[in-house]
Amino acid sequence: MKQYLELCQRIVDQGKWVENKRTGTRCLTVINADLEYDVANNQFPMITTRKSYYKAAIAELLGYLRGYDSAEQFRSIGCKTWDANANENSAWLNNPNRKGEDDMGRVYGVQGRGWQRPDGSTLDQLAKVINNLKNGIDDRGEIITFYNPGEFELGCLRPCMHTHTFSLLGDTLYLTSYQRSCDVPLGLNFNQIQCFVLLALVAQITGHKAGKAYHKITNAHIYENQLDLMRDVQLKREPFASPQLKINPEIKSLEDIETWVTRDDFEVVGYQCHEAIQYPFSV
Ligand SMILES: Nc1nc(=O)c2c([nH]1)NC[C@@H]1CN(c3ccc(C(=O)N[C@@H](CCC(=O)O)C(=O)O)cc3)CN21
Ligand SMILES: O=c1ccn([C@H]2C[C@H](O)[C@@H](COP(=O)(O)O)O2)c(=O)[nH]1
């Protein structure tokens, strides 16, 4: 929590204003932030200086791991975060590749589970990584990347947290996640949870201890219409201690994640927080 608040304060104190053509809203911006999460000691990085909707963040991650490509699929598992980008983003609405209501196109999990090869076959990046890790193999390339510049025009948004690298040291699994663009008041609240859960979950299904998750962010920003709430409300609050995350121990394989796991297989213990803050969302 301390590192989150320090990043917010750094943006407020040292950020530079950058115009953003896509959303039409300028952002106070810093470059480069390194966060880390202690998964080994179950310090769940939920924001405590406002209410955090952690189940929606976990549902979003489950949708990525399943290769979902429609906002309807995300809604059906308890996550509304893709409604606006699938249905209100003018560039995407005018894109001839959009297949209709709720279509997100070839984003995130579509690339992670079905990267298109030149011969027409597909590569399941996630299954390869899980298989290797299960067999104790780290080939120094246990990478899942959603970033496919050749297919950007086939999706509603370029992935923000775009690459996840797993590393095995003895019986301990580590994760390094890379993010090119980060909406610190809204998106980061979700992304911190997702880095933590991705490591905890993959460690559980591959039979390893979880170590640390490292989260590397390039462009970290606060949109202009979020700044007053961040500076004058959220940053004035004292954080509470981190809660703990309990994951259903019956989750044992990638197939479990694909078939029956829901957001209710994840439970938070000891969460204390300040009141909700509703930040504006820029599409
Ligand atoms: N401008 C922008 N910021 C983002 O963080 C973002 C995008 N766009 N586009 C793609 C995804 C969608 N994400 C989102 C979208 C909405 C919320 C959001 O509204 N969160 C609220 C309530 C969540 C709920 O009730 O489930 C919050 O207070 O955290 C969070 C992340 C993250 N990404
Ligand atoms: O997981 C996510 C997804 C998106 N974001 C934020 C970062 C930016 O504010 C927008 C994406 O806009 P671009 O113009 O494509 O950079 O969404 C996030 O923080 N986390």
Side-chain angles (χ1 to χ4, degrees), residues 4 7-8 11 15 18-31 33 35 45-65 68-71 74-92 95 102 104-105 107-109 111-112 146-147 149 152-153 155-164 177-198 215-227 229-230 233-234 263 273-283:
Y4 179 82
L7 174 59
C8 296
I11 298 174
V18 178
E19 298 295 332
N20 183 251
K21 230 172 111 184
R22 192 181 65 76
T23 60
T25 306
R26 58 182 194 145
C27 293
L28 200 52
T29 305
V30 298
I31 300 302
L35 306 177
M46 244 172 111
I47 300 303
T48 61
T49 46
R50 73 178 180 99
K51 185 170 183 206
S52 172
Y53 300 90
Y54 77 99
K55 289 215 176 195
I58 293 176
E60 191 181 63
L61 176 68
L62 292 175
Y64 295 156
L65 299 180
Y68 284 0
D69 66 355
S70 144
F74 281 88
R75 275 198 304 282
S76 75
I77 59 167
C79 171
K80 295 174 292 188
T81 53
W82 283 94
D83 292 2
N85 277 106
N87 298 316
E88 290 165 33
N89 158 354
S90 59
W92 181 236
N95 184 323
D102 286 324
M104 295 161 58
V107 293
Y108 288 90
Q111 303 295 347
F146 305 136
Y147 211 70
F152 282 164
E153 67 282 6
C156 66
L157 200 72
R158 295 164 301 165
C160 289
M161 199 153 72
H162 56 80
T163 298
H164 300 282
S177 299
Y178 300 87
Q179 184 161 359
R180 65 172 177 83
S181 172
C182 182
D183 176 342
V184 172
L186 276 178
L188 186 50
N189 177 34
F190 273 41
N191 297 138
Q192 295 201 139
I193 290 169
Q194 291 165 345
C195 287
F196 184 102
V197 172
L198 182 59
H215 186 182
K216 297 179 181 299
I217 300 170
T218 303
N219 182 309
H221 48 263
I222 298 175
Y223 285 91
E224 187 167 21
N225 53 9
Q226 300 170 326
L227 184 59
L229 280 173
M230 176 56 81
V233 182
Q234 194 171 356
R263 52 186 241 163
C273 68
H274 291 265
E275 306 181 357
I277 299 177
Q278 259 195 319
Y279 280 105
F281 177 78
S282 295
V283 188

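Note that the numbering runs from 1 along the sequence shown for the chain. All ligand and atom numbering here is 1-based and tracks the order in the structure.
- By the 4.5 Å heavy-atom criterion applied to side chains, S181 and R158 are not counted as neighbours.
- Residue contacts with ligand 2 for F190 are absent, since no atom lies close enough (heavy atoms, distance under 4.0 Å).
- In the displayed structure, K51 atom NZ is contacted under 6.0 Å by at most 12 heavy atoms of other residues, nucleotides or ligands.
- Under the 30°/60° scheme for interplanar angles, the aromatic rings of Y147 and H162 are found to be tilted.
- A side-chain donor-acceptor contact under 3.5 Å links Y279 and Q234.
- Atoms of ligand 2 found under 4.0 Å from any heavy atom of Y223 (numbered from 1 in listed order, with element): 8 (C), 9 (O), 10 (C).
- Residue contacts with ligand 2 do not include E60, since none of its heavy atoms lies under 4.0 Å from the ligand.
- For atom 6 (C) of ligand 2, the closest non-hydrogen atom on the protein side is D183 CB, 3.8 Å.
- Not a single donor-acceptor pair under 3.5 Å links the side chain of N85 to the backbone N or O of M104.
- Looking at R180, its side chain does come within 3.5 Å of a backbone N or O of P159 through a donor-acceptor pair.
- Here's the thing with N20: none of its N/O atoms is less than 3.5 angstrom from an N/O atom of ligand 2.
- Protein heavy atoms are found inside the 4.0 Å sphere centred on atom 20 (N) of ligand 1.
- When only non-hydrogen protein atoms are considered, atom 7 (C) of ligand 2 lies nearest to S181 OG, 3.3 Å.
- The OG1 atom of T81 sits 10.5 Å away from the CG atom of L186 when rounded to the nearest 0.5 Å.
- The N/O atoms of R50, backbone and side chain alike, include one that comes under 3.5 Å of an N/O atom in ligand 1.
- Within the 4.0 Å heavy-atom shell around ligand 2 one does not find Y64.
- Of the protein's non-hydrogen atoms, the one nearest atom 18 (C) of ligand 1 is L186 CD2, 3.8 Å.
- A heavy-atom separation below 4.0 Å is not found between K55 and ligand 1.
- Taking 4.5 Å as the limit, some side-chain heavy atom of R50 sits within range of a side-chain heavy atom of N189.
- Interface of N189 with ligand 1, defined as ligand atoms under 4.0 Å from a residue heavy atom, comprises 29 (O).
- For R180, a nitrogen or oxygen atom sits less than 3.5 Å from a nitrogen or oxygen atom of ligand 2, counting backbone and side chain alike.
- Remark: the H215 side chain and the Q192 side chain contain no N/O donor-acceptor pair separated by less than 3.5 Å.
- The contact set between ligand 1 and D183, taken as ligand atoms under 4.0 Å from a residue heavy atom, comprises 1 (N), 2 (C), 3 (N), 4 (C), 5 (O).
- When hydrogens are left out, the protein atom nearest atom 11 (C) of ligand 1 is W82 CZ2, 4.0 Å; that is the closest non-hydrogen contact.
- Residue contacts with ligand 1: N85 is placed with a nitrogen or oxygen under 3.5 Å of a nitrogen or oxygen of the ligand (distance criterion only).
- Using cut-offs of 30° and 60° for the angle between ring planes, the Y68 and F74 rings count as perpendicular.
- If you look at C160 next to ligand 2, the close heavy atoms, those under 4.0 Å, all belong to the side chain.
- If you number the atoms of ligand 1 from 1 as listed, the ones under 4.0 Å from a heavy atom of L157 come out as 9 (N), 10 (C).
- Taking any N or O of G187, backbone or side chain, at least one lies under 3.5 Å from an N or O belonging to ligand 1.
- No part of M161 comes within 4.0 Å of ligand 2, judged by heavy-atom distances.
- Relative ring orientation between W82 and Y64 is described as perpendicular, the plane-to-plane angle rising above 60° on a 0-90° scale split at 30° and 60°.
- At the shortest separation from atom 7 (C) of ligand 1 among protein heavy atoms lies F281 CE1, 3.5 Å.
- Close approach of ligand 1 to S282 is summarised as follows: ligand atoms under 4.0 Å from at least one heavy atom of the residue are 1 (N), 2 (C), 8 (N).
- With contacts defined as side-chain heavy-atom distances shorter than 4.5 Å, the pair T48/H274 does not qualify.
- Closest to atom 13 (N) of ligand 1 among all protein heavy atoms lies T81 CB, 3.9 Å.
- In the candidate list C182, P280, A56, S181, A56 is nearest to atom 26 (O) of ligand 1, counting heavy atoms.
- Proximity of L61 to I193: side-chain heavy atoms (C-beta onward) are nowhere separated by under 4.5 Å.
- Counting only heavy atoms from C-beta outward, the side chains of Y4 and L35 never approach each other to under 4.5 Å.
- Between the side chains of S177 and H164, at least one donor N or O lies within less than 3.5 Å of an accepting N or O.
- Residues I217 and N191 are not in side-chain contact: their nearest non-hydrogen atoms beyond the backbone lie 4.5 Å or more apart.
- Using a 4.0 Å cut-off between heavy atoms, W82 makes no contact with ligand 2 at all.
- If you number the atoms of ligand 2 from 1 as listed, the ones under 4.0 Å from a heavy atom of Q179 come out as 18 (C), 19 (O), 20 (N).
- The shell of residues lying under 4.0 angstrom from ligand 2, judged by heavy atoms, includes H221.
- In this structure, the protein non-hydrogen atom closest to atom 22 (C) of ligand 1 is Y53 CD1, 3.8 Å.
- The ligand atoms of ligand 2 that sit less than 4.0 angstrom from a heavy atom of Y108 are 1 (O), 3 (C).
- Residue contact check for ligand 1: Y279 places no non-hydrogen atom closer than 4.0 Å to it.
- In this structure, D69 and V107 have side chains that are not in contact, with every pair of non-hydrogen atoms separated by 4.5 Å or more.
- Residues V30 and L7 have side chains in contact (heavy-atom distance under 4.5 Å, counting atoms from C-beta outward).
- Counting only heavy atoms of the protein, atom 14 (O) of ligand 2 lies nearest to R22 NE, 2.7 Å.
- Contacts between N191 and ligand 2 below 4.0 angstrom, taking non-hydrogen atoms only, involve the side chain exclusively.
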